[in-house]
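Keep in mind that what you see is a predicted model, and the values were worked out from it rather than measured. Just so we're on the same page: letters track the sequence lines, and every chain starts at 1.
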Amino acid sequence: MKKHYYNKILSSLEICKTFKELKQIHGIMIITSVIKYIIPLSKLIDFCTNSEPQNLDYAESIFVRIHRPSVYIWNSMIKGHSNTKNPIGALVMYKEMQQLGYSPDHFTFPFVLKPCAAILDIRVGKCVHNRILKTGFEADLYASTSLIHMYVCCVDLESGEKLFDESPKWNVVGWATMIAGYVNNDRASEAIRVFKEMECQGVDPNEITIVNVLVACAHCRDLVTGRWVHDRIRQLGFGSGRLNLSSNVILDTAILEMYAKCGSLKVARTFFDEMPQRNVVAWNSMIGAYSQYGRTSEAFRLFVDMRFSGLEPDEATMLSLLSACAKLGALSLGQGLHAYVEKTNSGDHVSVDTSVMDMYAKTGDTQSAFRIFSGLQRKDVKAWTSMIIGLAMHGHGKEALNMFNEMQRDESVIPDHITYLGVLSACSHAGFVDEGYKHFNSMRDVYGLVPMEEHYCCMVDILSRAGKLTEAECLVKTMPIKPNIAVWGSLLNGCEIHDNVDLAEQIENQITELKPQGSGVYVLLANIYAKAGRWQGVKRVRDLMRHNGFRKTHGWSSIEPKLLVS
DNA sequence: ATAGGGTTAG
């Protein structure tokens, strides 16, 4: 009789589909005492922990009544917690399990490492690592892959790399974990390197690995590898290459994004047009590409098409379009977007408000920018930076610096590299040499921000404009990064303002070595020589230009294209 | 029973 119940209940649990059914089975299990048997009991808990997160409470209520839960049941409970929004519960259970004397097995570790990675708790993660070593599970593929994932999520790439290098045999998931780790920590070139290693080892990538490496190629603007990966996709028969059935929007979007970021807008567009499916992200990617390359009218045309195709633009769409307006100084277009955002509530987000503000600041409508700025729910470093740069760009150097001082009074906001670009350019516009020095030094001393070549460029600009050419030259010669053409250009600009032909002549040699990709510095150089009557110099520079295939570019300006926005 | 994924402002 009992055996009969047992088998019947077990098979009901197998085919059970809904939570309601499960509760009925649970009731029968209690009445028939089948609840005492470990296998049906485990299946009962498994069902709860594998379904909706809210059913975890139900599992918990069963769990607390079990006298000696098996490790399987502990694992099941920990897994349930690890898949919730608050995965810390998994760590609590893991701790409790060990305090009660249960020893975790190789199934336990992935469930407990996932929450560590999610909440970035490397401390507990390391404890789990120790436990893995003590229990001798370090060779388990799942446990070690989870460990690497935990380390790279917690930004400890070295520990991840160490584990990865210790084992010579990884399957595609292990490789993918390392590749994603590099991508997510802004080390795209290493992601590409590891991907190539994986190919050399003869491990075939799957779609996830491919997506990751495409992101890396986009990041590095590595079109050569990107194309190669695209070929590989066709070889492996992934994505939309064949049937519509097997099309993968994510993969296709990653390909699109790779071409777009690498500047192959035409290829990107053709690919976009031929994609069998397009979601909001795909549209955003294409719109963002046009925006980034200053092709505002194409971006807006696509925006119109997107709405026509029945898709709702989201934050990312708005952010791209607004930044395009900001970049081109397209105020009325930006105003139109502002109105659209208000009307459709599509920008019910601080980030969109900040972006609207940035657009006003950059296009020179300082008042509107201020109005939005003061009404912002949360003023983050980007908001402050936008205001500072906007003010500096439009000749309000003093106000920009006041803004920066005010920002520093807010302890929750920490300036970054970009903030300092705004600050230094403000000093340059206002002609504040000492203040410029002060900020240039404090970015490293106070905030630990190592100046990049752009910052050196600003500083050289400040000094050169003020006529302190010797100091400027000294800075260029002692800077720890190899000065690029922009840095030399700033110095040369100072030579022009202050008629220093000798220094210009010295710079000429440095510049020709760098083979500039534009005609700007040559023209500057020629002007300096011409002004001083050094006609030989003028001729030399002209020959140099011709030799490098440059002609003086004509002046350019931007006008606002008329487009219907709302 | 267990591990890895795309767009977004300055």
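- Heavy-atom contacts of chain A under 4.0 Å fall on DNA chain B between two terminal nucleotides, which in 5' to 3' order are dA1(B) to dG10(B).
- The residue K327(A) sits apart from the nucleic acid: no heavy atom pair falls under 4.0 Å.
- As judged by a 4.0 angstrom heavy-atom cut-off over every strand, Y72(A) is placed among the base-contacting residues.
- For the side chain to side chain donor-acceptor pair (under 3.5 Å) condition, the pairs that include at least one residue of residues 213-223 of chain A, sequence neighbours left out, are D222(A)-T225(A).
- Side chains of E454(A) and Y420(A): no donor on one and acceptor on the other come within 3.5 Å.
- For the pair R278(A) and F272(A), the cation-pi test (distance below 6.0 Å, angle within 45°) is passed.
- Residues of residues 173-183 of chain A that place a heavy atom closer than 4.0 Å to DNA chain B, in numerical order, are V173(A), A176(A), T177(A).
- Applying the side chain to side chain donor-acceptor pair (under 3.5 Å) rule to pairs touching residues 382-391 of chain A yields D358(A)-S386(A), T385(A)-T419(A), sequence neighbours excluded.
- Using a 4.0 Å heavy-atom criterion, one finds that S146(A) contacts the sugar-phosphate atoms exclusively.
- Contacts of N171(A) with the nucleic acid, taken as non-hydrogen atoms under 4.0 Å apart, include base atoms.
- Heavy atoms of D358(A) sit under 4.0 angstrom from primed sugar atoms or phosphate atoms, though from no base atom.
- With Y360(A) contributing its side chain and L331(A) its backbone, the two residues share no donor-acceptor pair below 3.5 Å.
- Among the protein residues, V280(A) comes within range of no part of the nucleic acid, since none of its heavy atoms lies under 4.0 Å from any strand.
- Across all strands, D140(A) comes closer than 4.0 Å to no nucleic acid atom at all (heavy-atom distances).
- With sequence neighbours excluded, no residue forms a salt bridge (Lys or Arg N to Asp or Glu O under 4.0 Å) with E399(A).
- Using a 4.0 Å heavy-atom cutoff across all strands shown, N206(A) reaches at least one base atom of the nucleic acid.
- When the side chain to side chain donor-acceptor pair (under 3.5 Å) test is applied to K379(A), no partner is found at least two apart in sequence or on another chain.
- Contact between F440(A) and M459(A) at its shortest, heavy atoms only, is CB-SD, 3.6 Å.
- Here K79(A) lies out of heavy-atom contact (under 4.0 Å) with every strand.
- Among the heavy atoms of the strands lying under 4.0 Å from T253(A) is at least one base atom, whether or not backbone atoms are also near.
- Here the OG-NE2 distance, from S368(A) to H338(A), works out to 8.5 Å after rounding to the nearest 0.5 Å.
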